[in-house]
Amino acid sequence: MHRSLVTPLAHALALALAAPALARAPAPAAAPAVPVPAAITADGVPALPVALADRVRPYLESRSAAPVDWNPVDRSLLVTTRFANVAQLHTVAQPLAMRRQITFEADRVSSGSYSKSGDVLVVQKDTGGGEFFQLYSLKDGRLSLLTDGKSRNTFGAWSKDGRLVGYSSTRRNGADTDLYVMDPRDPKTDRLVAQVQGGGWSILDFAPDGAHAVVGNYQSIQKSTLYDLDLSTGKLTAITDPKATVAWGDARYAPDGTLFVTSDKGSDFQRLGTLDPKTGKFAPIAAETKWDVDEFDVADDGSFVVYNVNEAGLSRIRLLDPKTGAVREVSGLPAGVAGGLTVAPWGTIAVSVSGATTPGDSFAIDPATLAVTRWTQSETGGLDPATNRAPELVEVRSFDGTPVSGFLYRPDPARFPGKRPLLIDIHGGPEGQERPYYSGAGNYYPNELGIAVFYPNVRGSSGYGKRFVAMDNGPFKREDPLKDIGAFLDRLDRDPGIDAARVGVQGGSYGGYMCYAAAIRYGARLKGANCIVAISNFVTFLENTQSYRRDLRRVEYGDERDPRQRAKLLAISPMTRSKELTIPLMVVTGANDPRVPQSEADQMVAAVRANGGQAWHIVAADEGHGFAKKANRDYAFLAELAFWQRHLLGEEVK
């Protein structure tokens, strides 16, 4: 794959050599350009001046450190962070100690889990963003392959005695995620336990007796089923009703055999409770009734359950005493979004927090006192994160009266007075949720360019109950979220701090589809569209996405094999109306994307250009569904800045 010529060449002298030297005007020197990374093809993208990279550099140098596991031997914290081109695993010996790197791979390593005794660390990693994950054991900086090296393999859980790992793999036919167990100390012990049908199967936890495991079969965000797996016979016995439209989240055994789960059974939201493996009876035990319990973990001695509640995007961490039902809330964490709850064998709880002024760092919670200790303090490029402005919650009623909301980040009015340009950034999923995370490089928009950024949660987003998340299902409801964008545009047009004449849209994955579709439907109100790893034609997307996930996506979008649904999917696809996409377009693509293939971008770029439109197209040969490598991410971000400075601010970047 060759790169486009984006570095300007020096101008040739046009005058004859015989002309007097004083009569010749020197050719203007070309401004130094940012080198295009070796893996990137920048098609139609203008040269990006080095001066731009110099101005932005501090924003590109922020990092985060998320907890992965506790080392049971030395009690260090295993985290993932990036110091070079991609994130790797590091250990932190004590609070705010140095981060000692222990993996040194060309591709991102962001997952690892210790055995109970700490003698083995199992790592999950893919190559080039293709998501065909393999399991490895890590020792002395070297990874030893445990799986077949070809199929998609996903880590599930350790057995309670630390002898076996359970995982799922597509090695049989590339589509079904069969269930396997292995002693990672001896890969020859690898064995298929249960052959299944479907791409959503996973081993969630092992029972204390070591003879059984609880298994989940995810069919959609609204429907999943839990099973008991007999590890000796491979027999799967349904614990919950396979026909019921109920979502079961995580499931974990306590030492006494109590099975803790999250579920929306009997509620609009995911609740924490217990599940009787014999009767399938679910008993909610936490008091929350409105918001989802996103995740939880159980102490090794069963003395408490720690769980994370998603309250309108913000996190609340609480501890439950299973014996008394008493609940205590952790108050010492920074405001923001928490995740990665991990209880150490000795009881300390690790969690990450990302917020407007917290760049995604690791914290520890003492379960006895609820005291919070910061374990990492990630660099922010020398910038003071405390100067970042917290977002505002914007709420509107859409075309049918449905309430929808989003987070608006405004520039400092003292520095950028008056009406400001607006960039609308739409999340993927579609079952994702915009939450008030640390924006990283994205802080450059409000802080340095004076561009407001709005992150909407249209219908179909998670976090607002199962009724809301189902409101966009299938092809015949698929355009209703676009009408939500129209309601937000109407609301923000009336905002005295927003310039309605300078609005742009961007989004990734499903948000990339929304980006294309909004550019078509609301093109007269928009100045440009930046669509990332985006669906352009629902039929070709469903036909070409990886087979292990095709049925899962049909539940959400529709079934292209059904003539009526196929016709509607084609009718609502941006490719069908590509002639109406007339505003400037930027497209960002990963060549190894298993979810939304590069062909989805190629066909849209070709169509827009054939219609006389302009499109910048960035393709990374070593990336998948989103860019993980710093060099690629930095270049794409600089190109996005140049695109928006031209089309929102009316400035050419120098």
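- At a cut-off of 3.5 Å, with distance as the only test, no side-chain donor of Asp176 or Gln197 sits close to an acceptor on the other residue.
- Side chain of His212 to main chain of Asp228: no donor-acceptor pair is present (N/O by atom type, distance under 3.5 Å, no hydrogens or angles).
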| request: Walk me through it: do Arg633 and Glu623 pass the test salt bridge (charged side-chain N to carboxylate O under 4.0 Å, His left out)? | output: CA-CA 10 Å; Arg633 295 177 67 169; Glu623 299 281 12; over 6 Å; no

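- A donor atom on one side chain and an acceptor atom on the other are found under 3.5 Å apart for Ser113 and Trp158.
- Stacking of Arg75 on the aromatic ring of Trp346 is recorded, both the 6.0 Å distance cut-off and the 45° axial limit being met.
- A salt bridge is absent between Asp126 and Arg108; no separation between the charged side-chain nitrogens and carboxylate oxygens falls under 4.0 Å.
- Below 30°, between 30° and 60°, or above 60°: for His90 and Phe83 the angle between ring planes is between 30° and 60°, a tilted geometry.
- If you check the side chains of Arg163 and Ser159, you find no donor sitting under 3.5 Å from an acceptor.
- Heavy atoms of other residues, nucleotides or ligands lying less than 6.0 angstrom from CZ of Arg172 number more than 12.
- Residues Gln219 and Ser224 have side chains that never bring a donor and an acceptor to within less than 3.5 angstrom of each other.
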| said: Does Thr147 form a side-chain hydrogen bond (donor to acceptor under 3.5 Å, both in side chains) with Gln134? I'd like the steps, not just the answer. | reply: CA-CA 6 Å; Thr147 45; Gln134 305 300 321; 2.7 Å; yes

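- Counting only N and O atoms by type, the side chains of Asp425 and Gln506 include a donor and acceptor under 3.5 Å apart.
- Counted by atom type alone, Arg171 and Ser169 present one or more donor-acceptor pairs between their side chains at under 3.5 Å.
- Under the 3.5 Å distance criterion, the side-chain polar atoms of Ser509 are left unmatched by any main-chain donor or acceptor of Gly511.
- With 3.5 Å as the limit, one finds a donor-acceptor pair spanning the side chains of Asp622 and Asn632.
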| said: Before you tell me yes or no, could you show the steps for Arg99 and Glu379 under salt bridge (charged side-chain N to carboxylate O under 4.0 Å, His left out), namely the whole-Å CA-CA distance, both residues' side-chain angles and the distance that decides it to 0.1 Å? | reply: CA-CA 12 Å; Arg99 288 149 285 178; Glu379 295 78 7; 2.7 Å; yes

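- For the pair Phe260 and Ala254, the tightest heavy-atom approach, listed with the atom from each and the gap, is CE1-CB, 3.7 Å.
- For the atom pair CZ of Arg252 and CZ of Phe206, the computed distance is 13.0 Å after rounding to the nearest 0.5 Å.
- Between atom OG1 of residue Thr170 and atom CZ of residue Phe133 there is a gap of 11.5 Å, rounded to the nearest 0.5 Å.
- Tested against Lys629, the residues Asn85, Asp634, Asp107 include a single side chain to side chain donor-acceptor pair (under 3.5 Å) partner, Asp107.
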| Can you check salt bridge (charged side-chain N to carboxylate O under 4.0 Å, His left out) on Glu61 and Lys630, steps first, answer last? | CA-CA 9 Å; Glu61 297 305 326; Lys630 186 176 187 299; 3.0 Å; yes

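- Of the possible donor and acceptor atoms, one in the side chain of Gln270 sits under 3.5 Å from a partner among the backbone N and O of Ala247.
- Side-chain atoms of Ser462 and Glu431 form no donor-acceptor pair, as typed in the model, at a separation below 3.5 Å.
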| task | For side-chain contact (heavy atoms from CB on, under 4.5 Å), just list the numbers for Val215 and Leu179, CA-CA rounded to whole Å, side-chain angles, deciding distance to a tenth of an Å, and then say yes or no. | result | CA-CA 9 Å; Val215 168; Leu179 305 173; 3.7 Å; yes

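- Between atom OH of residue Tyr307 and atom CG of residue Leu319 there is a gap of 8.5 Å, rounded to the nearest 0.5 Å.
- The shortest side-chain heavy-atom distance between Leu320 and Phe296 does not fall under the 4.5 Å cut-off.
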| Stepwise side-chain hydrogen bond (donor to acceptor under 3.5 Å, both in side chains) check, Arg435 with Ser354 | CA-CA 10 Å; Arg435 303 180 69 180; Ser354 172; over 6 Å; no

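- With Asn310 contributing its side chain and Gly463 its backbone, the two residues share no donor-acceptor pair below 3.5 Å.
- Put simply, the side chain of Asp250 never gets that close to the backbone of Glu295: no donor and acceptor are under 3.5 Å apart.
- Heavy-atom minimum distance, Val123 versus Val109: CG1-CG1, 3.4 Å.
- No side-chain N or O of Thr189 forms a donor-acceptor pair with one of Asp186 less than 3.5 Å apart.
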| message | Quick one, Tyr557 with Phe541, criterion ring-ring contact (aromatic ring centres under 6.0 Å, His included). Give me CA distance, side-chain angles, the key distance, then yes/no. | response | CA-CA 10 Å; Tyr557 297 124; Phe541 158 70; 5.8 Å; yes

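- Put simply, CG on Asp361 and CG on Leu333 are 12.0 Å apart, with the number rounded to the nearest 0.5 Å.
- When only modelled atom types and interatomic distance are considered, Thr154 and Ser168 share a side-chain donor-acceptor pair under 3.5 Å.
- Counting all heavy atoms, side chain and backbone alike, Ser378 lies closest to Gly360 at OG-O, 4.3 Å.
- No hydrogens or angles considered: nothing links the side chains of Asn153 and Gln124 as a donor-acceptor pair under 3.5 Å.
- In this structure, Asp161 does not pair ionically with Lys116, as no charged nitrogen and carboxylate oxygen lie closer than 4.0 Å.
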| message | As a quick check of understanding, evaluate salt bridge (charged side-chain N to carboxylate O under 4.0 Å, His left out) for Arg553 and Asp551, giving each step before the final call. | response | CA-CA 5 Å; Arg553 294 297 80 199; Asp551 285 340; over 6 Å; no

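- None of Val305, Leu272, Val309 except one satisfies the side chain to side chain contact (heavy atoms under 4.5 Å, CB included) rule with Arg318; the exception is Val309.
- Put simply, CG on Leu259 and CD1 on Ile239 are 6.0 Å apart, with the number rounded to the nearest 0.5 Å.
- Distance check: Leu138 CG to Lys125 NZ gives 12.0 Å after rounding to the nearest 0.5 Å.
- Between Tyr167 and the choices Phe155, Tyr180, Trp201, the ring pair (Phe, Tyr, Trp, His ring centres under 6.0 Å) rule is met once, by Tyr180.
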| side-chain contact (heavy atoms from CB on, under 4.5 Å) between Val372 and Val330: does it pass, once the steps are laid out? | CA-CA 8 Å; Val372 172; Val330 179; 3.8 Å; yes

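- If you check the side chains of Ser137 and Arg185, you find no donor sitting under 3.5 Å from an acceptor.
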